[in-house]
Structures are given as structure tokens and as C-alpha cells.
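Read through the structure below, which is laid out as C-alpha cells, and then see the notes.
Hydrogens, waters and symmetry mates are skipped; everything else that's a heavy atom, side chains included, is used. Start at 1 with the first residue, then count along the sequence.
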Amino acid sequence: MSTTITVRDIDPGDKSWLRREAHQIGISMEELVRRLIHEERTKTECRRKPSEAFARHFGVDHGIDLPPRVRCSYRPLYFSDKGEE
């Protein structure tokens, strides 16, 4: 199974940097990009907000209903898609 990603309009300076770094390490540019993406993904996966974890495991999609709002200073939880990119 092979997938190819084509990057258009890449800055020539960035492309030459990728080529230079890949050459110094002794791998192809594609392998360097794969490694950079994997490294960035592992960094960002660890920084989840508690509200994102709660929404993922107990959200509306999983059949959990939050309690109704009452006058006892209860603030209902709201989940937004703003952080997802």
C-alpha cells in the first residue's frame, strides 16, 4: 500500500533545507518528512485538554446526557470544535 503526497508551491529555501538535512542524515526527503510528521504528532498527542478527553469518551455520540442546569451554581459543559484543526 503506497500513498503519495504532493506539496505544491513549497518555498525553494524550505525545499533546499529538506534536501540538505536528508542528505546529511543519509535518507530520502520523503523519509525525512515522514519522521518530522511523526515527531510532531507524538508531541501534540500528549497535550490534550481534559475537556477534550471528556468529550471524546463521554460526549453525546456515546449516549451520555449531562444533568440539567439548576440554580445551584451549576454551569453546563459546552464543547466546541474550535481547537480541532
Show me the donor-acceptor pairs, under 3.5 Å and distance only, between side chains in residues 30-39 and residues at least two apart or in other chains.
from: E31; atom 1: OE1; to: R34; atom 2: NH1; distance (Å): 2.7
from: E31; atom 1: OE2; to: R35; atom 2: NE; distance (Å): 3.2

Distance-only donor-acceptor hits, side chain of residues 16-26, under 3.5 Å, sequence neighbours excluded:
from: S16; atom 1: OG; to: P12; atom 2: O; distance (Å): 3.3
from: S16; atom 1: OG; to: G13; atom 2: O; distance (Å): 2.9

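Every residue two or more places apart in sequence or in another chain that forms a side-chain contact (heavy atoms from CB on, under 4.5 Å) with D11 is listed here: D14.
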